[in-house]
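Quick note: numbers below take in every heavy atom, side chains included, and nothing from hydrogens, waters or symmetry partners. Lettering of chains follows the sequences in order, A, B, ..., and the numbering in each one begins at 1.
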Amino acid sequence: MCARQQRTQDQEQRQNPHQSLDPAPEGKVSCRYNLRQSVPRNRGSRKAHPHCLRGLNMSYEQSYLYKLRHSAAHLMAQAVTELYPSAKLSIGPPIENGFYYDIDFESPLKEEDLEKIENKMRELSNLKEPIVCRPAKDKEEAKKVILDETTNGQGPENALYKLQLLEAIPDGDAVTFYEQRATDKQGKEHAFIDLCRGPHVENTSEIKNFKLLNLAGAYWRGDVKNKQLTRIYGTAFETKDELEAYLHNLEEAKKRDHRVLGRELGLFMFSPRVGTGLPLWLPKGATLRHVMTDFLQKEQVKRGYEPVVTPHIANIKLYEKSGHIQTYRDKMFPFMEDEEKETYILKPMNCPFHIEIYQSQLRSYRDLPVRYAEFGTVHRYEQSGEVTGILRARGFTQDDAHLFVTPEQLQDEFIGVVDLMQTVLAKLGLKDFRARVGTKDPGSDKYVGHDENWVAATKAIMDACDVMKLEYEVSPGDAAFYGPKLDLMIKDALGREWQMGTVQVDYNLPERFELEYIGEDSKPHRPIMIHRAPFGSLERMIALMTEQYAGAFPFWLAPVQVAVLPIADRHNESAQQLADRLRDSVYDTRALRVEVDDRRETLGKKIRENQRHKVPFMLVLGDRDIEAGTVGVRHRERGDLGAMPLADCLKMILEEPDTTSDPA
RNA sequence: GCCGAUGUAGCUCAGUGGUAGAGCAGCUGUUUCGUAAACAGCAGGUCACCAGUUCGAAUCUGGUCAUCGGCUCCA
C-alpha cells in the first residue's frame with residue numbers, strides 16, 4: 001500500500017496533483033516509504049518552515065532529477081523576472097513530477113505567455129550559467145541580500161514574499177542563496193539570485209528537457225485569506241525521451257478519465273437541464289451499482305448489519321441538533337422554507353436519521369452493538385470549481401452505516417469495520433491506497449465536543465490500526481467536525497488523490513442527541529458511534545474503478561458479461577436462446593448478464609464494438625456452431641479462443657476470475 | 001468561491017469579418033457475412049446564452065452559464 005507520492009510537504013509546497021501522473025521512468029520518481037516514519041502533516045510546522053520540503057522519498061529527494069527540477073524552477077523564475085521585472089517571486093519547489101513557482105504578477109499571465117517564458121529559459125540555459133551557493137552569515141545579512149540583489153530595481157515591495165519566507169526561518173538556521181550569472185554575446189549580464197536551501201545542479205546548461213504545462217491560481221501560503229498568486233507548473237527530465245514519454249503518458253491518462261469512459265461505456269451522463277453535479281445513471285451504470293451494492297449488502301449481513309431506509313429531506317431542526325447546519329449551512333442546497341410551516345432541508349448526511357431510529361426504543365447493553373446500514377443518497381452544494389464528474393458530485397450515494405457500541409465494544413467493532421473495508425478493497429482489486437488518520441487541528445474552532453472525547457476517539461482509531469498492523473499517516477485538521485477518522489486515500493488517472501472509504505469514531509453526536517443504553521448496572525450509559533463507509537461514495541468508487549480498469553471491469557462487475565454474436569440473421573433465434581439459457585442460470589446459480597448483438601453488421605464490426613465496450617466474453621454463433629453444438633469463443637484479453645462445445649465454454653465463463661489484468 | 005483555459009452536429013475536431021464543414025455515430029436501401037470498421041444514399045447545427053461593434057459576426061467587445069486544469073473546501 002502507500003502510493004507513489006510525497007505527502008508531508010509544507011502546504012505551500014503541496015504537490016500539484018495534476019503533475020503526479022506516474023511517468024514511471026524506471027521508477028526514478030517512485031517514492032515508497034514507511035508511513036509511520038513520515039512526518040505528520042501539520043499546518044503549524046508548515047508555516048514555521050515554509051522553505052523546506054520534507055516527506056518525499058529520500059531517493060527522489062536526493063536524486064539528480066530532483067535537483068534538476070528545482071533548478072528548472074529557478075531558471076523559469078529567472079526568465080520570468082527578465083520578461084516581467086515587476087513580478088514578485090514567492091516559492092518554487094520541485095514536486096513529484098516536475099516543479100512550480102508561485103509568482104505575483106502585475107497583470108494576469110496568459111497561457112500563450114508560457115511559450116515566451118520557455119524560449120527565454122532556453123536562451124538562459126544556452127548561456128551556461130554556473131549555479132553557485134552563497135551562504136548568508138545570518139538573517140540580517142540575508143535580508144540585505146534580498147533587498148539589494150533580488151528586487152530588479154523595483155523597490156523593497158518586490159521582495160515582499162521572500163522577506164516573509166526569511167522571517168519564518170528559525171534564528172540560527174543556515175540561510176543560503178543560489179546565484180546564477182552569465183554574460184551574453186552582446187555583453188549583457190544576466191543574473192538571478194534566490195533565497196533557497198538548494199541543492200541545485202551545477203550549471204543551467206544541464207536544464208534542457210523541460211516543458212511548462214499550465215497556469216493556476218494558488219493562494220499565498222495556501223490560505224484563502226491571502227492574495228492569490230499565479231502558479232506556473234512545469235516539468236523537466238534528464239533526457240528528451242523521458243520528457244516525451246511523460247507527456248505521452250499524460251495524454252494516455254486522459255483516455256481513461258472516468259468522464260470519457262463513462263460516456264463511451266454508457267454508465268452515466270449529465271444534463272444541463274438537470275443541473276451541475278447531478279448524474280443520471282444509465283442502464284449499464286445502474287447495473288454496475290447494483291452489483292456493487294449487492295456485494296456489500298451481503299458482506300454486511302454476514303457481519304450483523306441491519307438495513308434501514310430513510311427519507312431524502314428532513315426538518316432542519318434535526319440538523320441543527322446534530323451541528324451540521326452550523327458547520328455547513330452554505331454548503332447545502334437552499335432550504336425548503338414556508339412561512340407557516342417548518343423548514344426542511346435536502347439531507348447532506350444520513351447520521352441523524354439513524355440516530356432517530358436508535359432512539360426510537362429503549363436500548364439494553366444486550367442489544368449493542370446496533371449496526372444500521374443504508375445506501376443513502378445525499379446532496380451537498382459543492383463549490384462550482386470543485387465538481388468533477390462523479391468523483392465529486394452534488395448528488396451521491398454513501399454506503400453508510402452507523403454502529404452504536406459500548407466503550408468495551410469499541411475496539412473490536414472498529415477492527416471489524418477495518419476488516420470489512422479491507423475485504424471490500426481486495427474484492428474490488430484496489431491495492432494502491434494509503435491510510436490517513438485525520439485528527440483535530442488545535443488551531444481551529446470548527447470542532448464540537450470535549451477534548452477528552454477527542455483524545456479517546458483518536459486513541460481508539462490508532463490502537464485499532466496498530467492491532468490491524470495498518471500503516472497510517474496522521475493528518476491534523478482532517479477530522480470531521482464531530483470526531484477523528486481513518487480515511488483510505490486513492491489516486492485517479494491524473495494522479496489526483498481522493499478519499500474513498502472512511503471510519504469515524506464519534507463521542508459527540510451521542511452526547512448532542514443524548515443517546516443511551518441501559519447497562520448491566522441497570523443505569524443509563526452513553527453509547528459511542530462509529531460512522532463508516534467502505535466505498536465512501538458509490539459514485540466516486542465507480543469513477544476510480546473505471547479509471548483503474550480503463551473501463552475493463554473484472555468479470556463479476558462487468559455490466560455486460562457476455563455478448564452473443566450471431567453471424568447472420570438466420571442465427572438470431574439460436575443466439576437469443578443461448579442468451580436466455582445463460583441468463584436463466586441453467587448451468588449455475590450465477591445468472592449472467594448477457595446481450596445479443598443481432599444488428600445487421602459484419603462480425604468484424606460486432607467484435608470491434610463489443611471489444612471497445614470491454615465485454616469480457618463474446619460468443620460467436622454461425623452455421624458450423626449450430627450444426628456441431630459449439631460456440632466460437634472470444635475473450636476480451638485473450639482474443640479468439642476458437643470453437644468449443646457449449647459446456648466447455650460455460651465452464652470457462654464461470655471460472656473467470658474476479659480479478660482482471662489491466663488491458664490498458 | 002478564486003486564478004487560467006475552453007464552448008461549432010450525438011462524439012472527435014476543421015473553419016481569423018462575407019451563404020456552416022469532415023470523420024465516426026444515426027436513418028434508409030443493398031449486402032447475410034467466421035474473429036477489431038461492408039457499400040451507397042439521406043438527414044442532422046439559433047456556432048453555449050444575452051447584449052454590443054459592424055452594411056455584414058461562429059469569427060471582434062462585454063456580460064452570463066457550463067465544462068476543463070489548478071487553488072481553497074470536502075460532514
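- When each of A/D113, A/I232, A/L229 is paired with A/F105, the side-chain contact (heavy atoms from CB on, under 4.5 Å) condition holds for A/I232 and for no other.
- More than 12 heavy atoms of other residues, nucleotides or ligands sit less than 6.0 Å from atom NZ of A/K440.
- Under a cutoff of 6.0 Å and an axis angle of 45°, A/K347 and A/F353 form a cation-pi pair.
- Within a 6.0 Å sphere centred on CD of A/Q326, heavy atoms belonging to other residues, nucleotides or ligands number more than 12.
- Within the shown strands, B/rG10 is the pairing partner of B/rC24 under the Watson-Crick or G-U definition, both distances less than 3.5 Å.
- Residues satisfying the side chain to side chain donor-acceptor pair (under 3.5 Å) criterion with A/T630, sequence neighbours excluded, are A/D625.
- As judged by a 4.0 angstrom heavy-atom cut-off over every strand, A/K606 is placed among residues making no nucleic acid contact.
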List every contact pair, protein side and nucleotides 37-44 of chain B side both N or O, where the distance is under 3.5 Å.
{"residue": "B/rA37", "atom": "N7", "partner": "A/R608", "partner atom": "NH1", "Å": "3.2"}
{"residue": "B/rA37", "atom": "N7", "partner": "A/R608", "partner atom": "NH2", "Å": "3.2"}
{"residue": "B/rA37", "atom": "N6", "partner": "A/R608", "partner atom": "NH2", "Å": "2.7"}
{"residue": "B/rA37", "atom": "N1", "partner": "A/R608", "partner atom": "NH2", "Å": "3.4"}
{"residue": "B/rA38", "atom": "OP1", "partner": "A/T602", "partner atom": "OG1", "Å": "3.3"}
{"residue": "B/rA38", "atom": "OP2", "partner": "A/T602", "partner atom": "OG1", "Å": "2.5"}

Between the protein and nucleotides 45-47 of chain B, which nitrogen or oxygen pairs are less than 3.5 angstrom apart?
none

Protein-nucleotides 59-62 of chain B N/O pairs under 3.5 Å:
none

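- Cation-pi geometry between A/R69 and A/F99 is not satisfied (NZ or CZ under 6.0 Å from the ring centre, within 45° of the ring normal).
- Across every strand in view, B/rU31 sits unpaired, with no contact that passes the Watson-Crick or G-U test at under 3.5 angstrom.
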For a quick test of your reading: what N or O donor-acceptor pairs under 3.5 Å do the side chains of residues 262-280 of chain A make, sequence neighbours left out?
{"residue": "A/S271", "atom": "OG", "partner": "A/R273", "partner atom": "N", "Å": "3.0"}

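- Partner assigned to B/rU53 is none, using Watson-Crick or G-U wobble distances below 3.5 angstrom.
- Across all strands shown, A/F270 has no heavy atoms under 4.0 Å from either base or sugar-phosphate atoms.
- Stacking of A/R394 on the aromatic ring of A/Y381 is recorded, both the 6.0 Å distance cut-off and the 45° axial limit being met.
- Taking the six-membered ring for Trp, A/Y447 and A/F481 have ring centres at least 6.0 Å apart.
- Within the 4.0 Å cut-off from OP1 or OP2 of B/rG69, not a single side-chain nitrogen or oxygen of A/K254 is found.
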Taking only nitrogen or oxygen atoms into account, show me every contact under 3.5 Å that the protein makes with nucleotides 9-16 of chain B, one pair per line with its distance.
{"residue": "B/rC11", "atom": "O3'", "partner": "A/R263", "partner atom": "NH2", "Å": "3.4"}
{"residue": "B/rU12", "atom": "OP1", "partner": "A/R263", "partner atom": "NH2", "Å": "3.1"}

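- At least one side-chain nitrogen or oxygen of A/R259 sits closer than 4.0 Å to the OP1 or OP2 atom of B/rG69.
- The distance between the ring centers of A/Y482 and A/H531 falls below 6.0 angstrom.
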